[in-house]
Amino acid sequence: MKKKKAAAILLTAAVGMGALSVPAAAPKDAGICPAVTAQAATAPSASKLASAVKKAYGDNYWPDYKLDQDEIKSKYGVDASLYASAYAEVPMISAHVDQLVIFKAKNTSSKKKILTAVKKYQKNLKEDTMQYPMNQLKIQGSKVYANGNYVCFFMLGGSISKSLEESGTQEEIIQAYQQLNKKAVNTVKKKLK
């Protein structure tokens, strides 16, 4: 009798210990992989990426007014509930159009919504005929860029060379502005490797 009781206690203890040592599984519909969660936690914030981009441009970085969450929603149509972090900076002088915008989306669904909103913003800018003539080609050379859970809008680099501005074709000028924005794309790519 004592042996049966002792065996039952040992069996109960073994089962209890086993239950404690097994990690709880995430619900099937959570769609979260522990490796992805860890990677997302160590991924840089939008502000850290923005700092790297600013450094890459040096004196040719013109935006100097950081937008808050309400201003971001008003300007780009992106609600704060969609992102883990965001950085948006524009020039205080309305004659300039340079902008640096980086969103770190909360998840894949949020990223799609942010990307749609940012592309819509860019499209509206390109179609706006009330822009200063000097800015129209710079706007055409702007770049929407997505990498992982990040969505970026780049319209950066200050100005192109005077000779190209005066004697270049529209296509050449747009390409020059696209090249200026490539610096931001390459900086973000490097930081996210």
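- Partners of F154 under the ring-ring contact (aromatic ring centres under 6.0 Å, His included) rule, at least two apart in sequence or in another chain, do not exist in this structure.
- Under the side chain to side chain contact (heavy atoms under 4.5 Å, CB included) criterion, N60 pairs with no residue at all, not counting sequence neighbours.
- Residues satisfying the side chain to side chain contact (heavy atoms under 4.5 Å, CB included) test with S47, not counting sequence neighbours, are S45, Y87.
- For K106 and Y83, the positive end is not near the middle of the six-membered ring at less than 6.0 Å and at most 45° from its axis.
- In this structure, T108 and N149 approach most closely via the heavy-atom pair N-OD1, 4.3 Å.
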Please walk me through it: do K73 and V78 pass side chain to side chain contact (heavy atoms under 4.5 Å, CB included)? CA-CA 5 Å; K73 184 176 180 181; V78 178; over 6 Å; no
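- For E127, the CD atom counts as densely surrounded, since its 6.0 Å shell holds more than 12 non-hydrogen atoms of other residues, nucleotides or ligands.
- If you take CD1 on I139 and CG on L125, they are separated by 5.0 Å, rounding to the nearest 0.5 Å.
- With a 4.5 Å cut-off on side-chain heavy atoms, L192 and L49 count as touching.
- For the pair K54 and W62, the cation does not sit on the ring face, since its NZ or CZ is not both under 6.0 Å from the ring centre and inside 45° of the axis.
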Salt bridge (Lys or Arg N to Asp or Glu O under 4.0 Å) evaluation trace for K138 with D98: CA-CA 8 Å; K138 181 178 256 192; D98 286 43; 2.5 Å; yes
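- Evaluation of the side chain to side chain contact (heavy atoms under 4.5 Å, CB included) rule for I93 yields A95, H96 as partners, not counting sequence neighbours.
- Within a 6.0 Å sphere centred on NZ of K183, other residues, nucleotides and ligands contribute more than 12 heavy atoms.
- Side-chain contact between P63 and L156: present, with at least one pair of heavy atoms (C-beta onward) separated by less than 4.5 Å.
- Pairing each heavy atom of G168 with each of I173, the nearest pair is O-CD1, 3.7 Å.
- Taking K111 as the reference, nothing meets the salt bridge (Lys or Arg N to Asp or Glu O under 4.0 Å) condition, with sequence neighbours excluded.
- Looking at heavy atoms from C-beta onward, E71 lies in side-chain contact with Y65 at the 4.5 angstrom threshold.
- Side-chain contact annotation: Y121 with Q99, donor-acceptor N/O pair under 3.5 Å present.
- Going from atom CE of M130 over to atom CG of N135 covers 13.5 Å, rounded to the nearest 0.5 Å.
- Between Y61 and E89 there is a side-chain heavy-atom pair separated by less than 4.5 Å.
- Using a 4.5 Å heavy-atom threshold, the side chains of I102 and L100 count as touching.
- For K104 (side chain) and A43 (main-chain N/O), a donor-acceptor pair under 3.5 Å exists by modelled atom type.
- With sequence neighbours excluded, the residues that form a salt bridge (Lys or Arg N to Asp or Glu O under 4.0 Å) with K162 are E165.
- Atom NZ of K75 has more than 12 heavy atoms from other residues, nucleotides or ligands within 6.0 Å.
- Closest approach of S85 to A46, counting heavy atoms only: OG-N, 3.0 Å.
- Between I72 and F103, the closest side-chain pair of non-hydrogen atoms falls below 4.5 Å.
- Counted by atom type alone, D128 and Q131 present one or more donor-acceptor pairs between their side chains at under 3.5 Å.
- In this model, a donor atom of one side chain and an acceptor atom of the other lie less than 3.5 Å apart for N147 and Y145.
- Between S142 and K126, the shortest heavy-atom contact is OG-CE, 4.1 Å.
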